[in-house]
Amino acid sequence: MPCIRYRTAISARTEGDLSPRDVTDQELDLHLATCEDCRRWSKRVRALRQATDDLLRRRRSGAPSKPV
């Protein structure tokens with residue numbers, strides 16, 4: 001499945017890590033523009049990252065967790 005290369009790059013981008021060597025930022029952007037499945041997957045990964053960040057912020061501040 002060729003999308004696995006791009007999904008690895010999406011994960012890296014979401015986490016603020018460097019992209020894999022075999023996928024440039026421009027190549028990833030082009031793939032996202034043409035692949036509906038990867039766009040949906042990217043949206044879910046970003047939502048999960050945001051929910052995780054929110055939970056960690058709440059824990060650090062002592063606020064109660066809100067349901068996800």
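Atom set for the values below is all heavy atoms of this structure, side chains included, hydrogens, waters and symmetry mates excluded. As the structure is a computational prediction, the values presented were derived from the model and not from experiment.
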* Closest non-hydrogen atom pair, D29 against R13 -> OD1-NH1, 2.9 Å

* Asked: About how many Å separate CZ of R49 and OG1 of T14, when rounded to the nearest 0.5 Å?
  -> 9.0 Å

* Asked: Crowded around L18 CG? As in, over 12 foreign heavy atoms under 6.0 Å?
  -> no

* Could you give the distance from CG (L30) to OG1 (T24), rounded to the nearest 0.5 Å? -> 9.0 Å

* **OG1 on T52 to CZ on R57, rounded to 0.5 Å** => 10.5 Å

* Asked: Within a reach of under 6.0 Å around CD of E27, are more than 12 heavy atoms found that belong to other residues, nucleotides or ligands?
  -> yes

* Asked: Taking atom types as modelled and ignoring hydrogens, do the side chains of S11 and R7 form a donor-acceptor contact shorter than 3.5 angstrom?
  -> no

* D54 and Q50: side chain to side chain contact (heavy atoms under 4.5 Å, CB included), yes or no, with the steps? -> CA-CA 6 Å; D54 289 347; Q50 182 176 1; 3.9 Å; yes

* Asked: From C3 SG over to W41 CH2, what is the distance, rounded to the nearest 0.5 angstrom?
  -> 10.5 Å

* Asked: Which atom pair, heavy atoms only, marks the closest approach of Y6 to L28?
  -> O-CD1, 3.8 Å

* Quick one: OG on S42 to CD1 on I10, what's the gap to the nearest 0.5 Å? -> 4.5 Å

* State, to 0.1 Å, how close R39 and A33 come at their nearest heavy-atom pair, and which atoms those are. => NH1-O, 3.2 Å

* Heavy-atom pair with the smallest gap, counting every atom of V23 and R5 -> CG2-NH2, 3.7 Å

